[in-house]
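One structure is given below, encoded as structure tokens.
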Amino acid sequence: MSTVHSRLKIGLSACFSHADHARSLFTGKTLQYVEQSIAHWLMSTGAMVVMVPCPTGSTQRGDVTYEHYAQWLDGLVMHGGADVWPGSYGEEPLHENWAGDRIRDEYDKALVAAFEAVGKPIFGVCRGLQLLNVAFGGTLYQDINTQVPDSFVHRDAVTYDLNYHSVNILQGSRLSRLYPGVERVRVNSIHHQAIKRLADTFEAEAFSVSDGIIEAIRRKDPARSYVAAVQWHPEFHQSGSDTIDDAAMLKDFLDAVAACRAANSPFAKS
């Protein structure tokens with residue numbers, strides 16, 4: 001078993017529950033939290049997971065910044081959750097229910113910028129994929145069923161993470177090399193927004209079979225820091241199920257994190 005000091009330290013972006021005076025618990029207080037499955041997914045390899053709290057806001061104290069976390073942690077995972085605010089990519093909400101979370105968007109974009117500035121690897125899940133695309137200049141469908149004719153129902157509130165569909169992996173992509181000989185996989189689907197215009201920074205690595213929705217992206221330039229994301233939730237994969245095994249994706253990310261840490265070690269050039 002590795003020592004505490006040798007374990008990778010992975011930052012996990014927070015979900016927000018904004019102050020609500022109608023809430024009986026923590027009345028009027030802002031809550032920041034993580035969903036247990038994704039933390040445990042990252043911890044399954046021995047990595048240590050640290051939720052990165054938003055350092056700004058009405059209760060801010062002290063001088064801790066996003067940059068401090070980016071310097072201290074080895075990599076970043078962008079969590080799933082609320083819709084992205086359409087204003088983040090220059091649009092007005094088409095429906096009041098799709099207004100998203102502007103405060104969380106600003107937090108997420110600042111977090112991505114801090115890790116990007118120091119060249120630390122970033123991996124996105126579901127909303128994380130959408131946020132990364134927007135942060136690098138892309139746009140989203142605010143609602144797939146409204147804006148993509150004959151689309152699959154990518155989010156079912158009743159079945160939730162038991163809603164599945166097939167995805168084609170782009171052959172020749174890095175994702176395909178993680179799953180050699182595999183062209184089509186089954187994934188869970190828990191989203192109603194998706195990439196409309198892919199940011200120039202990225203290339204698509206997988207597409208929904210039924211409607212062509214982009215399901216996985218990766219930074220084009222291999223000389224730049226690692227940035228990749230998937231639209232499904234790999235942390236919800238159950239051992240023995242027929243959905244895509246999450247292990248190869250997680251190893252790919254953590255290998256990049258370990259390589260980055262080694263390259264930045266004070267002993268790397270000694």
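All values reported here derive from a predicted model rather than from experimental measurement.
In this structure a side-chain-to-backbone donor-acceptor pair under 3.5 Å is present from N133 to A199. Under the 3.5 Å distance criterion, the side-chain polar atoms of Q193 are left unmatched by any main-chain donor or acceptor of Q130. Although no hydrogens or angles enter the test, the distance criterion places no donor-acceptor pair under 3.5 Å between the side chain of N163 and the main chain of I190. Side-chain atoms of R219 never come within 3.5 Å of backbone atoms of V227 as a donor-acceptor pair (strictly under, hydrogens ignored). Not one N or O on the side chain of R102 forms a donor-acceptor pair closer than 3.5 Å with the backbone of S88. A donor-acceptor pair is defined here as one N or O able to donate and one able to accept, closer than 3.5 Å; no such pair exists between the side chain of Q231 and the backbone of I213. A donor-acceptor contact shorter than 3.5 Å links the side chain of K120 to the backbone of Q71. Without hydrogens or angle criteria, N168 side chain to V209 main chain gives no donor-acceptor distance under 3.5 Å. Looking at H68, its side chain does come within 3.5 Å of a backbone N or O of T65 through a donor-acceptor pair. K9 contributes no side-chain N or O that, together with a main-chain N or O of A47, makes up a donor-acceptor pair within less than 3.5 Å.
At a threshold of 4.5 Å between side-chain heavy atoms, the hydrophobic network of Ile, Leu, Val, Met, Phe, Trp and Tyr places L129 and L111 in one connected group. Taking hydrophobic clusters as Ile, Leu, Val, Met, Phe, Trp and Tyr residues chained together by side-chain heavy-atom distances below 4.5 Å, M78 does not share a cluster with V118. Linking Ile, Leu, Val, Met, Phe, Trp and Tyr residues whenever their side-chain heavy atoms come within less than 4.5 Å places V50 and F16 in a single cluster. Hydrophobic cluster membership differs between V153 and W232, with clusters built from Ile, Leu, Val, Met, Phe, Trp and Tyr side chains linked at under 4.5 angstrom. Grouping the Ile, Leu, Val, Met, Phe, Trp and Tyr side chains by contacts below 4.5 angstrom, directly or via other members, places I122 with V134.
S189 contributes atom OG, which lies 10.0 Å from atom CZ of R155 (distance to the nearest 0.5 angstrom). The CD1 atom of I214 lies 11.0 Å from the CZ atom of R197; values are rounded to the nearest 0.5 Å. How far CG of D101 is from OG of S17: 10.0 Å, rounded to the nearest 0.5 Å. Taking CD from E106 and OG1 from T56, the interatomic distance works out to 9.5 Å, rounded to the nearest 0.5 Å. The structure places SG of C126 at 3.5 Å from NE2 of H233, a figure rounded to the nearest 0.5 Å.
Within the 4.5 Å cutoff, the side chain of E183 has no heavy atoms near those of the I169 side chain. Proximity of Y69 to V64: side-chain heavy atoms (C-beta onward) are separated by under 4.5 Å at one or more points. A 4.5 Å side-chain heavy-atom check between L12 and H79 finds at least one atom pair inside the cut-off. Using a 4.5 Å heavy-atom threshold, the side chains of P234 and L250 count as separate. With a 4.5 Å cut-off on side-chain heavy atoms, P53 and Y107 do not count as touching. The shortest distance between side-chain heavy atoms of C54 and Y66 falls below 4.5 Å. Taking the side chain as every heavy atom from C-beta outward, W98 and Q142 approach each other to under 4.5 Å. By the 4.5 Å heavy-atom criterion applied to side chains, R104 and S13 are counted as neighbours.
By the 4.0 Å N-to-carboxylate-O rule, R127 lies close enough to D105 to be salt-bridged with it. We find that E91 and K196 are joined by a salt bridge, their nearest charged nitrogen and carboxylate oxygen being less than 4.0 Å apart.
Aromatic ring orientation, F152 versus H154: perpendicular (interplanar angle above 60°, classes split at 30° and 60°).
Donor-acceptor pairing under 3.5 Å is recorded for the side chains of H192 and D143. For the residue pair T201 / R224, no side-chain donor-acceptor distance below 3.5 Å is found, with atom types taken as modelled.
A pairwise comparison of heavy atoms in V230 and M249 identifies CG1-SD, 3.8 Å as the closest pair. For the residue pair A14 and Q32, the shortest heavy atom distance occurs at CB-CB, 4.0 Å. In this structure, R7 and G46 approach most closely via the heavy-atom pair NH1-O, 2.8 Å. Contact record, G119 with S225: O-CB, 3.5 Å, taken as the closest heavy-atom pair. The minimum heavy-atom distance between G80 and C15, with the atom names listed, is O-SG, 3.5 Å. Taking all atoms of both residues into account, the shortest heavy-atom contact from A206 to V167 is CB-CG1, 3.4 Å.
For the side-chain hydrogen bond (donor to acceptor under 3.5 Å, both in side chains) with S151, the lone residue among T146, D211, N145 that qualifies is N145.
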_Worked check of side-chain contact (heavy atoms from CB on, under 4.5 Å) between I10 and L76_ = CA-CA 6 Å; I10 305 300; L76 175 67; over 6 Å; no
*Decide side-chain contact (heavy atoms from CB on, under 4.5 Å) for V52 and L73; before the verdict, give the C-alpha distance in whole Å, the side-chain angles of both, and the deciding distance to 0.1 Å.*
CA-CA 10 Å; V52 182; L73 296 167; 3.8 Å; yes
*Apply side-chain contact (heavy atoms from CB on, under 4.5 Å) to the pair L140 and Y89, showing each step before the final yes or no.*
CA-CA 8 Å; L140 303 178; Y89 46 94; 3.7 Å; yes
*Might you work through the side-chain contact (heavy atoms from CB on, under 4.5 Å) test for I38 and F236, ending with a clear yes or no?*
CA-CA 8 Å; I38 194 163; F236 291 164; over 6 Å; no
*Go through the steps for R177 and E205 under the test salt bridge (charged side-chain N to carboxylate O under 4.0 Å, His left out), then give the verdict.*
CA-CA 11 Å; R177 293 194 291 274; E205 293 194 308; over 6 Å; no
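A ring-ring contact (aromatic ring centres under 6.0 Å, His included) check over residues 115-149, counting only residues at least two apart or in different chains, returns the pairs F123-F253, F136-F202. For residues 242-256, the side chain to side chain donor-acceptor pair (under 3.5 Å) pairs, not counting sequence neighbours, are W41-D246, R174-D252, R186-D242, R218-D252, Y226-D252, H237-T243, S241-T243, K251-D255.
Within a 6.0 Å sphere centred on CG of D150, other residues, nucleotides and ligands contribute 12 heavy atoms or fewer. No more than 12 heavy-atom neighbours from other residues, nucleotides or ligands sit within 6.0 angstrom of CD on Q36. Within 6.0 Å of the CE atom in M51, the count of heavy atoms belonging to other residues, nucleotides or ligands exceeds 12. The neighbour count for K29 NZ, taken as heavy atoms of other residues, nucleotides or ligands under 6.0 Å away, does not exceed 12. Shown here is Y179, whose OH atom has more than 12 heavy atoms of other residues, nucleotides or ligands within 6.0 Å.
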